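Here is the structure we will look at.
Everything numeric in this text was worked out from a predicted model, so none of it was measured. In this chain, residues are counted from 1 in sequence order.
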Amino acid sequence: MILTSEPTDAPGGVEHAVSELETGLDRLGYAVAVLNRENAAPRWVARPGNKWMGYAADVALSWFLGRKVGKLVGPDLIAVVSNGPFGWYLPRLPKSVRKVHFYHGTYRGQAEIIRPFVTFSGAFKLKWWDSMVLERQSGRGKRIVCNSDQTRKEIQEYFGYSAETVWLPLDTSHFAPLDKLESRRKLKLPETSKIGLFVGSSHPMKGFSTVRRLIEAFPEVYWCLALRGSIPGDLASNSPLSIFRNAGREMLPWLYNGADFVVCPSLYEPFGYVVAEGLACGVPVVASPGGASSAFLRHTPLELLLVADAHSCRDFETAIRAVLADPDHHREMVVRLIRPEIEKIMAPKIWLSHFREIANI
């Protein structure tokens, strides 16, 4: 049984990982039940009507998930896998059942970073209630799996739990190098321009203020913004740009491959699918330190792409200019040095095997 917040067809890295886990275990012959707010909780938990009801719903969801486990438990139950702050309640289970908790980051780590952008009460709730109470309790007494070394260090520092890293899965046959010119023609992008790409949202935590400044700093670059959620209404600039709203999984490899570089100036990124996807496509990714960027760029000839200060527009400019001086050379190095490392730990079959080994399933 897998306990999670949202259905597996919802957008997001956690949902993608849960979907890969469900599909992989099913392919191996396991019967898998994914319990979430849509199929294990009443409507007020699934769709709370306001903020305060939402706070209660987040707490109640774990209880309803645990109660559902109690109703379904039987002699064939092998393991219960939970994640986030939604695994703090489980009924008494046979000793033979493996209890696993998968951390995808911590709300405390996030709260430390986004404090300037949220109210005091919001930051307090994230840090102390959501993280130090619910997240910590959700992993107590379980085998702990983390989606990156960064998350593992946070779990050890904040909660005192020993943990193992199992990187998230990535379909490296889908996110793979394609012809740059063909990709640009597919998306009707200028064929001879230098193209920069940002994939994410305009939320401050994703470093969108830095993206704005980079757009102004590189008027010679054609910018592609693949944005989720709301689109800022004041994006007028001297630089030509295209906006792709809610670009789907099928479009993303074409976007990555059509670009000369990708920027990821996130303030908090415990993993970073955009970094992994871009590098898997063979495209240089200029990124702030995070789970994937630190793992794949640090201590390599491409370490110059890892910008230590997410707020430093100057350092991002320096890295981007280095890439633009010879885009094809940097692309070749990513394909030769970085993509094999991604395939080694993130290709779905390898990832599933590693997860089963660490989770003792």
Side-chain angles (χ1 to χ4, degrees), residues 11 13 16 20 168-201 211 214-215 218-228 231 235 237 239-265 272-287 292-293 296-297 300-302 304-305 316 319-350:
H16 176 70
E20 287 286 352
L168 292 178
L170 181 70
D171 185 349
T172 50
S173 63
H174 182 73
F175 291 97
L178 301 170
D179 183 76
K180 181 164 70 173
L181 185 57
E182 181 185 353
S183 299
R184 293 184 176 190
R185 288 171 176 167
K186 177 88 172 178
L187 299 174
K188 296 181 171 57
L189 296 174
E191 296 180 8
T192 58
S193 297
K194 303 295 186 184
I195 294 182
L197 173 66
F198 171 78
V199 179
S201 74
V211 175
L214 290 174
I215 291 174
F218 288 93
E220 72 276 20
V221 169
Y222 189 99
W223 288 90
C224 294
L225 307 179
L227 296 175
R228 296 189 305 271
I231 296 178
L235 272 177
S237 71
S239 301
L241 58 83
S242 291
I243 297 176
F244 297 84
R245 185 165 189 175
N246 298 323
R249 184 175 182 274
E250 295 304 316
M251 181 185 288
L252 283 173
W254 297 105
L255 277 169
Y256 288 124
N257 279 282
D260 289 296
F261 65 90
V262 181
V263 290
C264 296
Y273 254 120
V274 171
V275 173
E277 290 169 352
L279 292 173
C281 289
V283 182
V285 178
V286 183
S293 58
F296 297 127
L297 295 176
T300 76
L302 289 162
L304 66 95
L305 304 181
F316 271 94
I320 290 171
R321 292 193 191 284
V323 173
L324 292 180
D326 195 346
D328 291 337
H329 174 64
H330 283 85
R331 207 178 184 101
E332 183 274 330
M333 282 203 295
V334 172
V335 172
R336 178 167 50 88
L337 300 175
I338 309 298
R339 178 175 163 83
E341 296 302 311
I342 294 175
E343 289 182 300
K344 192 183 301 180
I345 62 176
M346 294 182 67
K349 286 185 179 179
I350 296 174

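- Residues V221 and G196 approach most closely at CG1-N, 3.4 Å, considering heavy atoms.
- Note: I345 CD1 to L168 CG = 10.0 Å, rounded to the nearest 0.5 Å.
- P265 and V211 make their closest contact through CG-CG2, 3.8 Å (heavy atoms, listed as atom of the first residue, atom of the second, distance).
- Note that the CG atom of L227 and the OG atom of S201 stand 8.0 Å from one another [nearest 0.5 Å].
- Looking at R184, its side chain never comes within 3.5 Å of a backbone N or O of L189 through a donor-acceptor pair.
- For residues 171-182, every residue pair satisfying the side chain to side chain donor-acceptor pair (under 3.5 Å) rule, not counting sequence neighbours, is listed here: D171-S173, D171-R249, K180-D260.
- Taken to the nearest 0.5 Å, the CE atom of M346 stands 9.5 Å off from the CZ atom of F175.
- Pairing each heavy atom of A259 with each of R331, the nearest pair is O-NH1, 2.9 Å.
- At least one donor-acceptor pair closer than 3.5 Å links the side chain of T300 to the backbone N or O of L302.
- Residue H330 comes nearest to A322 through the heavy atom pair CE1-O, 3.1 Å, listed as atom of the first residue, atom of the second, then distance.
- No side-chain heavy atom of L197 sits less than 4.5 Å from a side-chain heavy atom of F244.
- Looking at N257, its side chain does come within 3.5 Å of a backbone N or O of L178 through a donor-acceptor pair.
- When all heavy atoms of A287 and S293 are compared, the closest pair comes out as CB-CB, 3.9 Å.
- At a threshold of 4.5 Å between non-hydrogen side-chain atoms, the residues L255 and V199 do not count as touching.
- Here P348 pairs with E20 under the side-chain contact (heavy atoms from CB on, under 4.5 Å) rule; sequence neighbours left out.
- Summarising the geometry, atom SG belonging to C281 is positioned 9.0 Å from atom CD1 belonging to I342; distances are rounded to the nearest 0.5 Å.
- Put simply, the side chain of F198 does not reach to within 4.5 Å of the side chain of I215, judged on heavy atoms.
- Residue pairs satisfying the salt bridge (Lys or Arg N to Asp or Glu O under 4.0 Å) criterion with at least one member in residues 274-287, sequence neighbours excluded, are absent.
- Ring pair W223/F261 is perpendicular by interplanar angle, where above 60° counts as perpendicular and below 30° as parallel.
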Open item on the list: Applying side-chain contact (heavy atoms from CB on, under 4.5 Å) to K344 and I350, what does each step give before you reach the verdict?
Closed with: CA-CA 7 Å; K344 192 183 301 180; I350 296 174; 5.7 Å; no

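- A search for ring-ring contact (aromatic ring centres under 6.0 Å, His included) contacts involving H16 returns Y273, not counting sequence neighbours.
- Here P11 pairs with nothing under the side-chain contact (heavy atoms from CB on, under 4.5 Å) rule; sequence neighbours left out.
- Contact check for L279 versus R339: no side-chain heavy atoms found under the 4.5 Å cut-off.
- Summarising the geometry of A247 relative to A226, their closest heavy-atom pair is CB-CB, 4.3 Å, with the distance given to 0.1 Å.
- Residues that satisfy the side-chain hydrogen bond (donor to acceptor under 3.5 Å, both in side chains) test with Y222, not counting sequence neighbours, are S242.
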